[in-house]
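Below, chain A is the first sequence line, B the second, and so on; all start at residue 1.
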There are 2 protein chains.
Amino acid sequence: MAKVSIPKGTRDFSPEEVEKRNFIFNTIREVFVRYGYRPIETPTMENLSTLTGKYGEEGDKLLFKVLNNGDFLSKADEAALNNRDSNQLIASISKRGMRYDLTVPFARYVVMHQNDIAFPFKRYQIQPVWRADRPQKGRYQEFFQCDVDVVGSNSLVYEAELVQIYDEVFAKLGMDVEIKINNRKILAGIAEAAGIADQFMDMTIAIDKLDKVGLQGVQDELRKKDIPESAIATISKILEVKSLGDLKPHFANSPSGQKGIEELETVYEYFDASQAANEVNFDITLARGLNYYTGCIFEVKAKNVQMGSIGGGGRYDDLTSIFGLKDVSGVGVSFGAERIYDVMEELKLFPEQTGTSLKVLFIAFDEASHRYAFRCLNKVRAAGINSELYPEPVKIQKQMKYANARQVPYVVLIGTNEVDSGLLSFKNMESGEQEKLTLDQIIGKIK
Amino acid sequence: MAKVSIPKGTRDFSPEEVEKRNFIFNTIREVFVRYGYRPIETPTMENLSTLTGKYGEEGDKLLFKVLNNGDFLSKADEAALNNRDSNQLIASISKRGMRYDLTVPFARYVVMHQNDIAFPFKRYQIQPVWRADRPQKGRYQEFFQCDVDVVGSNSLVYEAELVQIYDEVFAKLGMDVEIKINNRKILAGIAEAAGIADQFMDMTIAIDKLDKVGLQGVQDELRKKDIPESAIATISKILEVKSLGDLKPHFANSPSGQKGIEELETVYEYFDASQAANEVNFDITLARGLNYYTGCIFEVKAKNVQMGSIGGGGRYDDLTSIFGLKDVSGVGVSFGAERIYDVMEELKLFPEQTGTSLKVLFIAFDEASHRYAFRCLNKVRAAGINSELYPEPVKIQKQMKYANARQVPYVVLIGTNEVDSGLLSFKNMESGEQEKLTLDQIIGKIK
């Protein structure tokens with residue numbers, strides 16, 4: 001018998017882990033719903049044609065492809081077979097691929113169901129995705145993504161709303177975070193002000209690395225791209241700006257820059273930073289690599305812990321055009337659930353007892369008491385209390401060992417005396433205290 | 001641009017559908033948790049070696065295999081390639097398969113984590129599974145299973161508990177069902193009483209078809225298996241028995257039969273049928289094809305609707321032995337979530353408003369009112385009410401159209417008068433009534 005195992009990069013989740021993960025997902029979901037967002041779910045397998053070419057060459061390599069069923073070789077590309085060309089063969093033996101992210105399936109969903117959707121369409125989606133990355137600490141081949149988007153409106157109300165959602169979710173999770181905001185139009189403004197509008201992407205990619213390589217490194221990167229020293233000087237000066245007010249003079253001749261400032265000011269009109277539980281900061285150096293962003297961009301960093309960004313997103317003006325639906329503006333953010341989990345573990349932020357924890361275990365000393373205990377158990381469950389009965393009236397040590405393993409806060413012990421008197425032995429497992437109470441008194445205490 | 005689509009047999013779930021599906025899953029989950037069961041999750045992809053051979057030859061064909069990444073042909077079985085033998089090739093180009101059910105992964109999980117588990121291990125699992133079945137009405141290639149099991153104890157307390165769980169869940173869902181109970185030892189007893197113990201499986205398979213083919217059909221089937229007329233007569237007589245009491249005399253010389261009756265009597269000692277919301281009936285003709293069942297077996301049928309069984313399960317004594325762990329007895333049942341959904345749709349049992357529904361939409365007539373409405377919105381959301389603001393102060397008809405599409409019960413209309421007076425126009429969308437109220441009054445009304 002070979003030792004059993006699961007594929008590298010995949011995980012089993014124990015009860016403790018699932019309960020903690022659900023605590024995160026339920027907290028996020030509760031806020032999404034309160035803000036009027038609704039869930040959709042898309043299939044694990046999409047047509048490979050829907051996925052390929054959407055994530056760059058690297059992405060295509062990391063897609064998990066599902067082998068066609070039946071005699072797949074009968075329709076296989078003969079040339080590819082004879083040349084032993086794996087890449088060329090794929091299309092003819094695999095029609096389906098596994099979901100790589102939630103963005104492309106969402107765009108596909110909107111295009112496919114556009115006639116049934118009431119726009120603006122506020123949707124959230126919490127589902128796993130799969131990537132054939134080399135497994136390593138903190139990187140898995142199956143992991144959850146958690147996205148919230150609204151498509152079909154240009155209103156900046158949603159930018160403000162999404163910042164509020166970030167703020168509320170992390171406050172509820174007990175996490176102290178910094179929410180950074182910028183606008184791609186402001187980055188375009190920097191390029192315009194520096195007279196290198198045509199090298200906007202080069203500049204953005206360089207600025208995106210500021211965290212890692214510092215200003216000096218960014219400047220070197222800009223030089224590599226043959227951006228003139230004068231422009232580099234202008235860019236460097238602007239990157240030091242800390243407020244929208246100080247930024248304005250730099251954009252005197254940059255319509256894009258002015259528009260970017262105007263958009264952020266509108267967001268701040270809606271969003272009252274003084275009400276926020278977390279720091280919400282304008283950060284002109286925030287760039288967000290993804291080049292489908294066109295307006296406001298967001299990123300969230302956890303404080304008091306070493307960890308990359310735990311959330312990010314922004315405004316995109318043309319997501320659904322990859323599937324033929326033009327001019328649908330959208331804005332959305334995502335929560336890095338796996339990293340959030342790691343942060344909460346490191347900072348011990350998970351509550352010890354949740355609504356899903358076992359509250360009381362019944363323990364019986366003999367068969368008759370066991371039957372009696374089961375009837376008590378029914379009353380306790382009817383009262384909505386998570387509870388169970390040890391299945392046999394075996395040695396009390398063994399039953400208490402199980403109580404400890406389940407980390408149950410209360411135990412009710414029942415023997416002949418308890419059955420006769422109707423007064424049950426109620427033990428607080430934390431304090432060790434034990435008292436004789438009626439079942440109704442016990443139900444009252446636990447609730 | 002090709003028309004976008006998803007693979008045959010897979011589904012997108014709209015917000016309405018996800019919310020209804022979650023209503024079912026959350027109802028089931030709430031009961032599981034109250035009975036002390038805890039969730040686990042296993043990876044979508046298992047090693048193909050874990051899955052193959054566990055579901056019979058048919059099952060192996062229906063497994064979705066995931067193509068190895070990279071240059072998979074470099075390690076491909078040359079002979080299989082040259083013979084164009086798809087079946088033989090699979091093992092060398094696909095290491096992973098997609099979860100086919102929740103039972104085998106659960107057994108694998110228990111064996112793999114046996115040293116971390118506190119037995120008896122009460123677990124539930126609600127996850128999708130994938131089967132390459134030919135898609136047809138009501139049959140999908142991706143669908144959810146919903147299993148609850150306890151392993152590591154022989155106690156019949158759990159049989160009683162699982163019947164209670166069935167009864168409670170369906171009561172909470174508003175479904176009227178019949179829960180059938182039998183015991184494989186009673187079926188063994190019939191075989192013994194008929195003197196054909198060696199043909200137990202043939203007999204069970206025949207009895208399993210009683211619903212479809214009737215007694216006559218079962219008798220013909222038994223004849224086909226060369227079961228003597230005398231035995232067929234005995235079997236037919238016993239199949240008419242309606243109560244455990246009437247069954248006893250037939251099993252005077254059948255130890256298995258007597259044990260089966262004794263077990264069911266114990267279950268009924270724990271389980272008080274008089275407390276049940278649904279019919280719970282002993283049904284001697286219930287067989288449950290799966291031959292890993294060894295004790296009590298269960299099946300649930302919905303009333304007032306044409307539909308196969310919507311749940312089933314039983315006691316198994318040797319599930320984990322397929323992965324080398326012997327003598328772990330378990331018992332479990334599953335809920336046919338997809339069928340339950342169809343029944344609830346057909347009988348219109350889904351609640352119109354749930355905790356996740358949008359409760360109020362704010363509508364503004366001009367920019368200034370829009371800003372004002374957004375501040376009101378924040379107060380309403382802070383009060384825990386699911387609410388949103390139409391993103392722009394456009395024509396009221398357009399905003400009301402959206403309100404109707406979202407089926408929101410209340411709308412708050414805000415223009416200059418409302419801003420000046422602080423009295424907002426609160427409209428009940430069902431009755432059409434409209435009144436002027438302060439924001440606090442509105443919050444009070446909605447809560």
Side-chain angles (χ1 to χ4, degrees), chain A residues 1 4-7 10-15 18 33-36 38-47 64-67 69 71-73 84 86 89 94 96 108-109 111-112 118 120 128 132 142 153 155 157-158 269-270 323-324 356 358 371 374 381 386-389 391-392 402 405-406, chain B residues 1 4-7 10-15 18 33-36 38-47 64-67 69 71-73 84 86 89 94 96 108-109 111-112 118 120 128 132 142 153 155 157-158 269-270 323-324 356 358 371 374 381 386-389 391-392 402 405-406:
Chain A
M1 178 72 212
V4 284
S5 67
I6 53 178
T10 69
R11 295 169 287 178
D12 281 328
F13 293 109
S14 69
V18 175
V33 166
R34 194 143 38 76
Y35 278 77
R38 305 182 72 190
I40 69 163
E41 290 178 7
T42 61
T44 294
M45 295 184 284
E46 293 273 354
N47 293 322
F64 279 110
K65 292 105 185 165
V66 178
L67 197 55
N69 285 78
D71 184 11
F72 55 91
L73 283 176
R84 301 290 189 262
S86 298
L89 183 63
S94 165
R96 304 181 195 82
R108 192 267 309 150
Y109 180 99
V111 174
M112 212 170 131
E142 174 175 27
S153 168
S155 172
V157 162
Y158 294 121
E269 263 178 66
Y270 282 112
F323 298 114
T356 64
L358 186 67
R371 297 280 199 284
F374 189 79
R381 285 171 171 169
N386 305 341
S387 49
E388 67 181 81
L389 164 67
E392 289 113 342
Y402 179 77
R406 288 295 303 268
Chain B
M1 177 73 215
V4 284
S5 67
I6 53 178
T10 69
R11 296 169 287 178
D12 282 328
F13 293 109
S14 69
V18 176
V33 165
R34 194 144 38 76
Y35 278 76
R38 304 182 73 191
I40 69 163
E41 290 179 7
T42 61
T44 294
M45 295 184 284
E46 293 272 353
N47 293 322
F64 278 110
K65 292 106 187 166
V66 178
L67 197 56
N69 286 79
D71 183 10
F72 55 89
L73 282 176
R84 302 290 189 262
S86 299
L89 183 63
S94 166
R96 304 182 195 80
R108 193 267 310 149
Y109 179 99
V111 173
M112 212 171 132
E142 174 176 29
S153 168
S155 173
V157 163
Y158 294 120
E269 261 179 67
Y270 283 111
F323 298 115
T356 64
L358 185 68
R371 297 280 200 282
F374 189 79
R381 284 171 171 169
N386 304 341
S387 49
E388 67 181 81
L389 164 67
E392 287 114 345
Y402 179 76
R406 287 297 302 269

Among the options [options], pick out the one with the most heavy-atom pairs lying under 4.5 Å from chain A.
| options | answer |
| --- | --- |
| B:Thr44, B:Thr42, B:Leu389, B:Val157 | B:Thr44 |
| B:Pro391, B:Ala132, B:Ser5 | B:Pro391 |
| B:Ile40, B:Thr356, B:Asn69, B:Val66 | B:Asn69 |
| B:Asn47, B:Leu67, B:Leu358 | B:Asn47 |
| B:Ser155, B:Pro7, B:Gly36 | B:Pro7 |
| B:Ala118, B:Pro120, B:Ser94, B:Ala405 | B:Pro120 |

Do you know which of [options] has the most heavy-atom pairs under 4.5 Å to chain B?
| options | result |
| --- | --- |
| A:Arg371, A:Glu269, A:Glu46 | A:Arg371 |
| A:Glu392, A:Arg406, A:Arg381, A:Met112 | A:Arg381 |
| A:Ile6, A:Asp12, A:Leu89 | A:Asp12 |

Non-hydrogen atoms of chain A under 4.5 Å away: do they reach the side chain of [X], the backbone, both or neither?
| X | value |
| --- | --- |
| B:Arg96 | side chain |
| B:Asp71 | both |
| B:Tyr402 | side chain |
| B:Phe374 | side chain |
| B:Glu142 | side chain |

Once you round to the nearest 0.5 Å, how far does OH of A:Tyr109 lie from CZ of A:Phe323?
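Those atoms lie 14.5 Å apart.
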Atom OH in A:Tyr158, atom OH in A:Tyr35: separation rounded to 0.5 Å?
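It comes to 13.5 Å.
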So, for A:Arg108 and A:Pro43, which heavy atoms are closest and what is the spacing to 0.1 Å?
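Heavy-atom minimum between the residues: NH2-CD, 3.8 Å.
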